Peer 1: 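Input: one structure, supplied below.
The model shown is predicted, which means the values in this text are computed figures rather than measured ones.
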Amino acid sequence: MADISRYNNAFKKKLSSTMAFALKEGTDKGQIEAATANHIVGYLPENAIVTGAYVFVKTASDAATSASAKLGTASGGTQIMSSANMKTAGKQGTFTGHLDTGSGTPVYLGVTYTGAATEVGEYVVVIDYLEYTKNSQELTIFS
């Protein structure tokens, strides 16, 4: 059996990264309206594996009936996260599975509001990913 453990940078520490951004409900540029829509919010780099995602609700939406969010790699998709209840404070959403970003991929935030809202919600969207072709140049000690 060939030992390839020292090739392809397998012995160097890998970099975990996080995409995080704050959002507010509103009609100003860069905000999300309290209406059902899909918004492109960023891009994940090439050669990365998504390892987790959630929405942290800082100020809950006051939509009359419901407010939810999802994250996908396509408009309306849930490839990254589903079921974030934006009417409940704290960490929300269901991570839907690890995925490889390939040559890079856009990230879409889909929001659905039911009932009138006065646009008070504040959220932080968090996506964790591992860039498996990048390393910190530190070596992992093993024998």
Side-chain angles (χ1 to χ4, degrees), residues 3-142:
D3 180 0
I4 62 169
S5 64
R6 298 206 184 265
Y7 297 97
N8 300 319
N9 292 320
F11 59 97
K12 292 184 179 175
K13 296 189 187 315
K14 299 302 175 191
L15 299 175
S16 290
S17 300
T18 300
M19 173 191 287
F21 49 91
L23 293 171
K24 290 181 86 173
E25 293 175 0
T27 55
D28 292 339
K29 189 171 187 170
Q31 295 181 326
I32 54 173
E33 290 190 50
T36 299
N38 289 293
H39 307 275
I40 190 160
V41 292
Y43 295 86
L44 289 168
E46 64 184 351
N47 299 321
I49 296 175
V50 177
T51 58
Y54 60 91
V55 173
F56 189 87
V57 178
K58 292 179 64 165
T59 304
S61 173
D62 66 348
T65 305
S66 65
S68 63
K70 57 188 174 182
L71 292 167
T73 58
S75 183
T78 59
Q79 295 87 350
I80 299 172
M81 184 205 72
S82 64
S83 307
N85 179 356
M86 294 161 56
K87 287 183 63 66
T88 302
K91 183 178 177 183
Q92 301 294 322
T94 301
F95 178 58
T96 55
H98 298 82
L99 63 96
D100 190 323
T101 62
S103 61
T105 186
V107 175
Y108 291 86
L109 171 69
V111 293
T112 303
Y113 294 88
T114 306
T118 60
E119 300 181 327
V120 298
E122 291 186 55
Y123 318 105
V124 177
V125 177
V126 178
I127 302 172
D128 297 317
Y129 57 95
L130 172 69
E131 295 182 82
Y132 56 85
T133 60
K134 295 192 176 189
N135 57 65
S136 68
Q137 302 304 323
E138 292 181 26
L139 303 180
T140 299
I141 303 301
F142 61 93

Peer 1: If every non-hydrogen atom of Lys14 is compared with every non-hydrogen atom of Lys134, which pair is closest and at what distance?
Peer 2: CD-O, 3.3 Å
Peer 1: If you compare all heavy atoms of Ala63 against all heavy atoms of Gly115, which two are closest, and at what distance to 0.1 Å?
Peer 2: CB-O, 4.1 Å
Peer 1: How long is the span from the CZ atom in Phe56 to the CD atom in Gln92, to the nearest 0.5 Å?
Peer 2: 9.0 Å
Peer 1: Can you tell me how far CG of Leu109 sits from CZ of Phe21, rounded to the nearest 0.5 angstrom?
Peer 2: 6.5 Å
Peer 1: Could you give the side-chain donor-acceptor pairs of residues 64-84 under 3.5 Å, partners two or more places apart or in another chain?
Peer 2:
| from | atom 1 | to | atom 2 | distance (Å) |
| --- | --- | --- | --- | --- |
| Ser66 | OG | Thr114 | OG1 | 3.1 |
| Lys70 | NZ | Gly76 | O | 3.2 |
| Gln79 | OE1 | Thr73 | N | 3.0 |

Peer 1: Taking atom CD1 of Ile32 and atom CE of Met86, what is their separation to the nearest 0.5 Å?
Peer 2: 4.5 Å
Peer 1: Taking all atoms of both residues into account, what is the closest heavy-atom pair of Tyr123 and Ser61, and its distance?
Peer 2: OH-CB, 3.2 Å
Peer 1: Ignoring hydrogens and angles, tell me if any N or O in the side chain of Thr18 forms a donor-acceptor pair with the backbone of Ala20 under 3.5 Å.
Peer 2: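 Side chain of Thr18 to backbone of Ala20, a donor-acceptor pair under 3.5 Å: no, none is there.
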Peer 1: Let me know which of Glu33, Glu25, Glu119, Lys87 forms a side chain to side chain donor-acceptor pair (under 3.5 Å) with Tyr113.
Peer 2: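 Checked Glu33, Glu25, Glu119, Lys87 against Tyr113; only one passes side chain to side chain donor-acceptor pair (under 3.5 Å): Glu25.
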Peer 1: For Asn38 and Gly110, which heavy atoms make the closest approach, and how far apart are they?
Peer 2: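 Where Asn38 meets Gly110 most closely, the heavy atoms are OD1-CA, 3.2 Å.
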Peer 1: What distance do Leu15 atom CG and Tyr129 atom OH have between them, rounded to the nearest 0.5 Å?
Peer 2: 10.0 Å
Peer 1: If I take atom CD1 from residue Ile49 and atom CG from residue Leu44, how far apart are they, to the nearest 0.5 angstrom?
Peer 2: 12.0 Å
Peer 1: Are Val107 and Val125 close enough, and set up right, to give a side-chain contact (heavy atoms from CB on, under 4.5 Å), and what steps lead you there?
Peer 2: CA-CA 11 Å; Val107 175; Val125 177; over 6 Å; no
Peer 1: Taking the side chain as C-beta and beyond, is there a heavy-atom pair between Thr51 and His98 under 4.5 Å?
Peer 2: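 A side-chain contact exists here, since the closest heavy-atom pair is under 4.5 Å.
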Peer 1: For Pro106 versus Ile40, what's the shortest heavy-atom pair and its separation?
Peer 2: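 Closest heavy-atom pair between Pro106 and Ile40: CB-CD1, 3.6 Å.
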